Amino acid sequence: MLKNDRFLRALLREPVDRTPVWIMRQAGRYLPEYREVRKQAGDFMSLCRNPELACEVTLQPLRRYNLDAAILFSDILTIPDAMGLGLYFVTGEGPKFERPLQSASDIDKLGLPDAESDLGYVMDAVRTIRGALNGGDDQLVPLIGFSGSPWTLATYMVEGAASREFSRVKGLMYEDPATMEKLLNLLADAVRDYLNAQIRAGAQAVQIFDTWGGSLSTECYRRFSLAPMQRILDGLIRENEGRRVPVIMFTKGGGAWLEAMADTGVDALGLDWTCDIANARQRVGDRVALQGNLDPTVLFADPDVIRREVRKVLDGFGKGNGHVFNLGHGIMQHVPPEHLDVLVEEVHEYSARFHV
């Protein structure tokens, strides 16, 4: 039994006593205890590949804050790494690949990774975390699994690193759309298998991070980002352990396409901070829950400002069910950890009035 299941109930638009809250990147480098464990691991991917250490950093924010969910500690680029592209990280520069995709023949050589063997360390981490979340007879909070979206994975795989212009991947998309769709369909199948393996291992909700979908035009978003995500959704396990497994779709910069995203059959949409949550709720109605969407930089402000801005988001959604509070993107590295405590407590205290 779950001691606190308000996160899962909110995603399904069921009644809750307070608006649940979790934070993207809540296990991360803004916490000094995380930095100590990463130092112990040696490097980022060694931390991801060690189930016990991945479990430890997953639990760290739950010890500090009254959060309503845990999220698996991993990386969105584990799938392309398992495909043999050679993922590595450079301090201050982020992820890079030793063997980026430079031609159609490179794409033709890619194979579908086996989620249980090639990415078994992730499933071991999920199982370890689920075991650690059990407090006595009850599990404390639900565990979220995740993956990057096919388009987001493809951007890194073709560009070879993070990009601001996406010139290579968009060049391929426009010049050879059939090859791009072949890559995206392969990645969609890999993400589907990966998320299903996480669910079988114990993830109780999953989120698809479409970090770079907002870089596309409307036509290209529908074809090259949304369609592959639909392919994933059509093959996902939606019930496990006797209850529904909610799916959250988060397209950063995707505010123009909320209706199309809701039409996929997803349970919830993540909103970035550029969306007006009241307008978003009006547009999607009761088809999906909404997650978000405080500007992450608010956490650099004074506590009174944080409380004020939290209330604005909660007021914007208003009364009723179907809201999960979160930032509009990941928490930033240099945020004072005590400021997140202000946010979490304000969400729980102020939101009770909307769930009478």
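Note that the structure is predicted; figures quoted are calculated from it, not measured. The basis for the numbers below is simple: all heavy atoms, side chains too, and nothing from hydrogens, waters or symmetry mates.
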Query raised in the report: Any sub-3.5 Å donor-acceptor pair from E309's side-chain atoms to A301's backbone N or O?
Result: no
Report summary line: Shortest non-hydrogen pair, I199 vs N240, comes out as O-ND2, 3.1 Å
Query - Parallel, tilted or perpendicular: rings of Y30 and Y65 (30°, 60°) - result: parallel
Query raised in the report: Is it true that D263 and R287 have a side-chain N and a carboxylate O under 4.0 angstrom from each other?
Result: yes
Query - Main-chain N/O of E159 paired with S163 side-chain donor or acceptor, under 3.5 Å - result: no
Query raised in the report: Would W257 and T218 count as having a side-chain donor-acceptor pair, cut-off 3.5 Å?
Result: yes
Report summary line: Minimal heavy-atom distance between N66 and E345, with the atoms involved, is CB-OE2, 3.6 Å
**Report entry** Sidechain N-carboxylate O distance under 4.0 Å for K252, D272
**Finding:** no
Report task. Compare all side-chain heavy atoms of L85 with those of L101 and state whether any distance is below 4.5 angstrom. Result -> yes
Query - Salt bridge present between D43 and R38 (N-O < 4.0 angstrom) - result: no
Query raised in the report: Rounded to the nearest 0.5 Å, how far does NE2 of H339 lie from CD1 of I306?
Result: 5.0 Å
Query raised in the report: Is it the case that more than 12 heavy atoms not belonging to R164 sit under 6.0 Å from its CZ atom?
Result: no
Requested in this report: Please confirm whether the backbone N or O of S46 pairs with a side-chain atom of N50, one donor and one acceptor, at under 3.5 Å?
Outcome: no
**Report entry** Verdict with supporting geometry, I23 and N326, side-chain contact (heavy atoms from CB on, under 4.5 Å)
**Finding:** CA-CA 5 Å; I23 301 297; N326 208 315; 4.2 Å; yes
Requested in this report: Answer yes when R18 and E349 have at least one side-chain N-carboxylate O distance shorter than 4.0 Å, and no when they do not.
Outcome: no
Query raised in the report: Considering residues, nucleotides and ligands other than E241, do more than 12 of their heavy atoms fall under 6.0 Å from its CD?
Result: yes
Report summary line: So CZ of R192 and CG of D189: to nearest 0.5 Å the spacing works out to 4.0 Å
Query - 4.5 Å side-chain heavy-atom contact, P142 and L133 - result: no
Report summary line: Looking only at heavy atoms, the pair that brings A262 and V284 closest together is CB-CG1, 4.3 Å
Query - salt bridge (Lys or Arg N to Asp or Glu O under 4.0 Å) evaluation trace for D106 with R99 - result: CA-CA 9 Å; D106 287 343; R99 294 171 290 280; over 6 Å; no
Query - Euclidean distance, L327 CG relative to L340 CG, rounded to 0.5 Å - result: 7.5 Å
Report task. Could you tell me whether the side chain of Q139 and the main chain of L2 form a donor-acceptor pair under 3.5 Å? Result -> no
Query - Residues Y121 and T78: side-chain donor-acceptor under 3.5 angstrom - result: no
Report summary line: Value for CG (L236) from CG (D193), rounded to nearest 0.5 Å, stands at 10.0 Å
Query raised in the report: Quick one: are the ring centres of F146 and F209 less than 6.0 Å apart?
Result: yes
Query raised in the report: Hey, is the main chain of L8 close enough, under 3.5 Å, to the side chain of D5 for a donor-acceptor pair?
Result: no
Query raised in the report: Judged by modelled atom types alone, do N185 and E181 share a side-chain donor-acceptor pair under 3.5 Å?
Result: no
Requested in this report: Take atom CZ of R231 as the centre, draw a 6.0 Å sphere, and report whether it contains more than 12 heavy atoms from other residues, nucleotides or ligands.
Outcome: yes
Query raised in the report: Under 4.0 Å between a Lys/Arg side-chain N and an Asp/Glu carboxylate O for R311 and D315?
Result: no
Query raised in the report: Should the heavy atoms of other residues, nucleotides or ligands under 6.0 Å from CD of E338 be counted, would the total exceed 12?
Result: yes
Query raised in the report: Under the 3.5 angstrom rule, does the side chain of K96 hit a backbone N or O of A162 as a donor-acceptor pair?
Result: no
Query raised in the report: How many angstroms lie between CE in M123 and OG in S117, if you round to the nearest 0.5 Å?
Result: 9.5 Å
Requested in this report: Mind running salt bridge (Lys or Arg N to Asp or Glu O under 4.0 Å) on D17 and R6 for me, showing each step along the way?
Outcome: CA-CA 8 Å; D17 59 334; R6 64 166 67 103; 3.0 Å; yes
Query raised in the report: Among D124, D75, D81, whose salt bridge (Lys or Arg N to Asp or Glu O under 4.0 Å) with R49 holds?
Result: D81
**Report entry** Cluster link L195 to I76, ILVMFWY, side chain under 4.5 Å
**Finding:** yes
Query raised in the report: Between D302 and D304, is there a donor-acceptor pair closer than 3.5 Å when you use the side chain of the first and the backbone of the second?
Result: no
Query raised in the report: Does CD in E52 sit with more than 12 non-hydrogen atoms of other residues, nucleotides or ligands closer than 6.0 Å?
Result: yes
**Report entry** Minimum heavy-atom distance between F73 and C48, given as atom pair plus value
**Finding:** CE2-SG, 3.9 Å
**Report entry** Test: D267 and R244 ion pair at under 4.0 Å
**Finding:** yes
Query raised in the report: Is it true that the side chains of D68 and H348 contain a donor and an acceptor less than 3.5 Å apart?
Result: yes
Query - Atom of G202, atom of V126 and distance for their closest heavy-atom approach - result: N-CG1, 3.7 Å
Requested in this report: For residues F97 and M83, determine if any side-chain heavy atom of one lies less than 4.5 Å from a side-chain heavy atom of the other.
Outcome: no
Query raised in the report: In terms of hydrophobic clustering (I, L, V, M, F, W, Y; side-chain heavy atoms under 4.5 Å; direct or indirect links), are L59 and V21 co-clustered?
Result: yes
Requested in this report: Of all the heavy-atom pairs spanning P100 and G160, show the shortest one and how long it is.
Outcome: CB-CA, 3.7 Å
Query raised in the report: So if you build clusters from Ile, Leu, Val, Met, Phe, Trp, Tyr with side-chain heavy-atom gaps below 4.5 Å, do V344 and V305 land together?
Result: no
Query raised in the report: Hey, does V310 have a side-chain heavy atom less than 4.5 Å from the side chain of V342?
Result: no
Query - Donor + acceptor pair across side chains of T152, T155 (<3.5 Å) - result: no
**Report entry** Hydrophobic cluster identity match, M249 and W273, side-chain contacts under 4.5 Å
**Finding:** no
Query - Single-linkage hydrophobic cluster, 4.5 Å side-chain cutoff, L11 and V16 together - result: no
Report task. State whether the number of non-hydrogen atoms from other residues, nucleotides or ligands found under 6.0 Å of R29 atom CZ is greater than 12. Result -> no
Report task. Could you tell me if the ring centre of F325 sits under 6.0 Å from that of F317? Result -> no
Query raised in the report: Counting only heavy atoms not in Q333, do more than 12 sit closer than 6.0 Å to its CD atom?
Result: yes
**Report entry** Q204 vs R130 side-chain heavy atoms within contact, under 4.5 Å
**Finding:** yes
Report summary line: The reported gap from NE2 in H323 to CG in L271 (rounded to nearest 0.5 angstrom) is 7.5 Å
Report task. Please check if the side chain of R9 supplies one atom and the backbone of P15 the other of a donor-acceptor pair under 3.5 Å. Result -> yes
Query raised in the report: Any idea how F354 and Y350 line up, ring-wise: parallel (<30°), tilted (30 to 60°), or perpendicular (>60°)?
Result: perpendicular
Query - Greater than 12 external heavy atoms within 6.0 Å of R222's CZ - result: no
Report summary line: From the list F250, F224, Y221, F166, ring pair (Phe, Tyr, Trp, His ring centres under 6.0 Å) partner of W212 resolves to F166
Requested in this report: Using a strict cut-off of less than 4.0 Å between a Lys/Arg side-chain nitrogen and an Asp/Glu carboxylate oxygen, indicate whether E33 and R64 qualify as a salt bridge.
Outcome: yes
